[in-house]
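Just below is one structure, and these are the notes that go with it.
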Amino acid sequence: MRQTVDLLAKEKVEMAYLGALTYLKARDRNPNIEPLVLPIEQTTGRPWYSGVIIANSKRGINSLQDLKGKRFAFVSPSSTSGFLMPMNAFIQQGIDPTRDFTRIRYSGSHDKAETDLETDVVDAIATEKAIFVQSQREGKLKSSQYKIIWESEPIPTTPIVINTKKFSPSVINQLKRALIDAPEGLVDVNGSNSHGYTLGKDADFEQIRQIYTRLKSVVVAAK
């Protein structure tokens, strides 16, 4: 994602598909970057989703405070649900991962984080709720052993963003109309079936921006 942000900031690409946090990082570097549309999330039926922390219940973990002394996996420092939102929750509860966790791992993707949990590399992970629910439907991370111990506030879905300086207003409106009018069931840009799009705007990300601003200087090293 860092490469995508660099390409947008340096205006080597004009459109991209980004997570909420990476969108904010790109806009910080180039204010011409704006959301074009937001995809509709399948499980919520809205242009938002939630992040969760999943724990191995056999480790006696029932709350965030129970994570102290345990092994934990984030997804990536650039992940909204896999780092930013859980990190904000930890700070609110006085939890310092560097001090309080015996191991900190960055798995690199949500799928790999689930694998790290299932193979006992870590005791708990940060991920997206929809991904966890789908894994349980597929027989992975069974509810008898793995459970949600925390859920975030709604997070805007991953927007398709555009450099508004590179397109005329009429072309931007045509792009919006084409995406919003596209039939459901098409393959989305993330590889899943599309459930449609709705208009997006920078103000949709204000709550995430405030959290990002507070946590911008926070660095949690793997250990």
Side-chain angles (χ1 to χ4, degrees), residues 1-41 46-51 74-88 106-113 126-128 130-131 152-182 186-192 194-220:
M1 282 299 179
R2 181 180 298 178
Q3 182 181 11
T4 304
V5 170
D6 285 342
L7 290 171
L8 280 167
K10 296 175 182 178
E11 300 190 342
K12 294 184 178 180
V13 298
E14 288 77 39
M15 294 179 67
Y17 176 75
L18 299 176
L21 179 54
T22 44
Y23 158 66
L24 293 174
K25 289 181 176 181
R27 186 175 170 87
D28 270 358
R29 295 175 57 187
N30 188 333
N32 295 307
I33 305 300
E34 292 185 5
L36 191 67
V37 292
L38 301 175
I40 303 297
E41 213 281 328
R46 299 288 187 272
W48 57 263
Y49 68 102
S50 60
F74 294 106
V75 172
S76 159
S78 295
S79 175
T80 313
S81 61
F83 179 78
L84 183 70
M85 300 302 278
M87 193 63 214
N88 185 57
Y106 288 96
S107 301
S109 71
H110 293 279
D111 289 343
K112 290 178 180 178
T127 189
E128 290 183 20
I131 291 174
S152 74
E153 295 294 319
I155 302 168
T157 50
T158 46
I160 295 177
V161 303
I162 191 169
N163 185 332
T164 57
K165 189 174 74 173
K166 299 292 186 177
F167 299 87
S168 68
S170 63
V171 170
I172 292 173
N173 286 333
Q174 288 173 17
L175 288 169
K176 289 178 178 178
R177 190 178 305 114
L179 288 165
I180 291 172
D181 291 345
L186 297 177
V187 175
D188 205 344
V189 289
N190 68 354
S192 62
S194 172
H195 292 271
Y197 294 93
T198 187
L199 291 176
K201 57 186 182 300
D202 180 68
D204 296 332
F205 297 84
E206 187 55 36
Q207 183 180 14
I208 306 299
R209 177 180 282 110
Q210 291 177 15
I211 296 171
Y212 170 52
T213 300
R214 291 198 305 271
L215 273 60
K216 190 180 294 189
S217 61
V218 173
V219 176
V220 179

Nearest-0.5 Å distance, [atom1] of residue [X] to [atom2] of residue [Y]:
| X | Y | atom1 | atom2 | result |
| --- | --- | --- | --- | --- |
| T164 | N30 | OG1 | CG | 8.0 Å |
| Y17 | T22 | OH | OG1 | 10.0 Å |
| D204 | I155 | CG | CD1 | 14.0 Å |
| T127 | K112 | OG1 | NZ | 14.0 Å |

Any side-chain heavy atom of [X] sitting closer than 4.5 Å to one from [Y]?
| X | Y | answer |
| --- | --- | --- |
| E14 | I162 | no |
| I208 | M85 | yes |
| V75 | S107 | no |
| Y23 | T158 | no |
| R27 | F205 | no |
| L18 | L8 | yes |

Does [X] have any side-chain hydrogen bond (donor to acceptor under 3.5 Å, both in side chains) partners at least two apart in sequence or in another chain, and if so, which?
| X | value |
| --- | --- |
| S50 | E151 |
| R29 | D6 |
| E34 | none |
| S81 | none |

**Request:** Under the ring-ring contact (aromatic ring centres under 6.0 Å, His included) rule, collect the residues that match up with Y49, sequence neighbours excluded.
**Result:**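 Residues passing ring-ring contact (aromatic ring centres under 6.0 Å, His included) with Y49: none at all.
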
**Over all atoms of both residues, closest heavy-atom pair of L179 and L36** =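 Taking L179 first and L36 second, the nearest heavy atoms are CD1-CD2, 3.8 Å.
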
**Asked** Which atom pair, heavy atoms only, marks the closest approach of P159 to P35?
**Response**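 Looks like CB-CB, 4.2 Å.
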
For residues 210-219, dump all side-chain donor-acceptor pairs below 3.5 Å to protein atoms at least two apart in sequence or in another chain.
unit_1	atom_1	unit_2	atom_2	d
T213	OG1	R209	O	2.8
R214	NH2	N88	OD1	3.0
K216	NZ	D28	OD2	3.3

**Prompt:** Where does the angle between the aromatic ring planes of F74 and Y106 fall among parallel (under 30°), tilted (30 to 60°) and perpendicular (over 60°)?
**Reply:**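 F74 vs Y106 ring planes: parallel.
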
**Prompt:** Would the number of heavy atoms belonging to other residues, nucleotides or ligands and lying under 6.0 Å from NZ of K176 be above 12?
**Reply:**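 Yes, the 6.0 Å shell around NZ holds more than 12 heavy atoms from other groups.
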
